[in-house]
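Labels below follow one simple rule: chain letters A, B, ... track the order of the sequence lines, proteins then strands, and each chain is numbered from 1.
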Amino acid sequence: MRDARFERVVLRRANLRRAFVPDFAARLTGTTVTDVGRRAKHLVLALSSGDTLLIHLGMTGDFRVESPALEGEPAPADPGTHDHVVFQMSSGFVVTFNDPRRFGAMDLMTAVTYARHPTLSSLGPEPLSEAFTDGVLAAACARRRTALKPALLDQRIVAGLGNIYAVEALHRAGLSPLRKASTIATPTGKPRPTATRLVAAIKAVLNSAVERQLRPEYRSARFRVYDREGEACPTRGCDGRIRRVVQAGRSTFYCATCQR
DNA sequence: ATTGAGACCTGTCGGC
DNA sequence: TGCCGACAGGTCTCAA
């Protein structure tokens, strides 16, 4: 996408999440992608116009990239049922945004609205960055009264962790999702050993998830505790069973025996 | 201010 | 077989 220009933008459905600016297609057409980045779960495309195209894939969002020019096809195939936006790029590629459940979002923002974006501007550190340390996590959790697991889903504490990996990280760290978030910090906000373990577990879980995505043969592997209610706990030497509880409206899976 | 519940959306799955 | 409700995900909005 980088250095490619939007030659044609087709909005096949006007009511995706986040209100599209009225002239979405017109403002995008003719601009060039100068940079492609990511922040938390958002895809960030910097444009030559100074605008920023912010994209969130939700849970079922996906991009399909086709190259009619290379394949000698005159036009892209018939759009599928959930093809919501089609980008014809100057590079010859046709990039189609497909999102069956429509939890994805696309927003075209000016420099000012992007800088003041309420969610982006208050995001916590990237979990795989050096900025995400036990000290930072402990300080962020110290005065929270919520349980630990809902705190991990708060993007202001750590950016980009979702329900599944929060669950997996807590299991890996041997920490109960039900304990108060503040228990991983001392009264003065310093990290306890539990905070150190949790940060290491989050990084490990995310790194192995990335690795798995890069290795097709492992992609179908299931998670260790997520969606395994009633099954034996996979922890070595643990004879517990995986339980399911609901916290803040989301499913939590954990082992009450080895997660304390 | 912090927290949680509800809404959004639709494909899938379990139960009758 | 077919229908129907429950459920999953991330984030925004609203209310306690």
Nearest of [options] to any side-chain atom of [X]?
X: H117(A); options: dG11(B), dG10(C), dC12(C); answer: dC12(C)
X: R101(A); options: dA8(C), dT11(C), dG10(C); answer: dA8(C)
X: Y226(A); options: dT11(C), dA8(C), dG11(B); answer: dA8(C)
X: M59(A); options: dG9(C), dT11(C), dT3(B); answer: dG9(C)
X: R145(A); options: dG11(B), dG9(C), dT3(B); answer: dT3(B)
X: K41(A); options: dG10(C), dG11(B), dG9(C); answer: dG10(C)

query = Testing R12(A), R13(A), R64(A) for side chain to side chain donor-acceptor pair (under 3.5 Å) with D83(A), which one passes?
reply =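 So, applying the side chain to side chain donor-acceptor pair (under 3.5 Å) to D83(A) and each of R12(A), R13(A), R64(A), only R64(A) qualifies.
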
Counting any heavy atom closer than 4.0 Å, what does G58(A) reach on the DNA or RNA strands: base, sugar-phosphate only, or nothing?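 Nothing, no heavy atom under 4.0 Å.
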
- Message: Applying a 4.0 Å non-hydrogen cut-off, can you work out what Q155(A) is touching in the nucleic acid: base, sugar-phosphate, or nothing?
- Response: sugar-phosphate

Taking N and O atoms by type only, does the side chain of R250(A) place a donor or acceptor under 3.5 Å from a partner on the base of dA8(C)? no

_Check this for me: does the side-chain of R156(A) come within 3.5 Å of the base of dT3(B) through a donor and an acceptor?_
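Answer no: no donor N or O sits under 3.5 Å from an acceptor.
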
Rounded distance (Å) that lies between atom [atom2] of [N] and atom [atom1] of [X]:
X: F253(A); N: dC7(C); atom1: CZ; atom2: C1'; result: 10 Å
X: L54(A); N: dG10(C); atom1: CG; atom2: P; result: 17 Å
X: N98(A); N: dT10(B); atom1: CG; atom2: P; result: 12 Å
X: K149(A); N: dT3(B); atom1: NZ; atom2: P; result: 15 Å
X: D62(A); N: dG11(B); atom1: CG; atom2: P; result: 15 Å
X: H42(A); N: dG10(C); atom1: NE2; atom2: C1'; result: 9 Å
X: Q247(A); N: dA8(C); atom1: CD; atom2: C1'; result: 16 Å
X: L123(A); N: dG10(C); atom1: CG; atom2: C1'; result: 13 Å

To the nearest 0.5 Å, atom OG1 of T235(A) lies from atom CD1 of I242(A) at 7.0 Å

Q | Interatomic distance, T32(A) atom OG1 to L47(A) atom CG [nearest 0.5 angstrom] | A |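 One gets 8.5 Å once the value is rounded to the nearest 0.5 Å.
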
Q. Under the 3.5 angstrom rule, does the side chain of Q155(A) hit a backbone N or O of G160(A) as a donor-acceptor pair?
A.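 It does hold such a pair.
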
### Query
Do N207(A) side-chain atoms and E211(A) backbone N/O form a donor-acceptor pair below 3.5 Å?
no

Does [X] put a side-chain nitrogen or oxygen below 4.0 Å from OP1 or OP2 of [N]?
X: R244(A); N: dC7(C); result: no
X: T60(A); N: dT10(B); result: no
X: T119(A); N: dT11(C); result: no
X: H56(A); N: dT11(C); result: yes
X: R102(A); N: dT10(B); result: yes
X: R144(A); N: dT3(B); result: yes

Exactly one of K41(A), R39(A), K203(A) clears salt bridge (charged side-chain N to carboxylate O under 4.0 Å, His left out) with E126(A), and that residue is R39(A)

Judged by nearest nucleotide, the residue sitting upstream toward the 5' end of DNA chain B, D154(A) or F103(A), is D154(A)

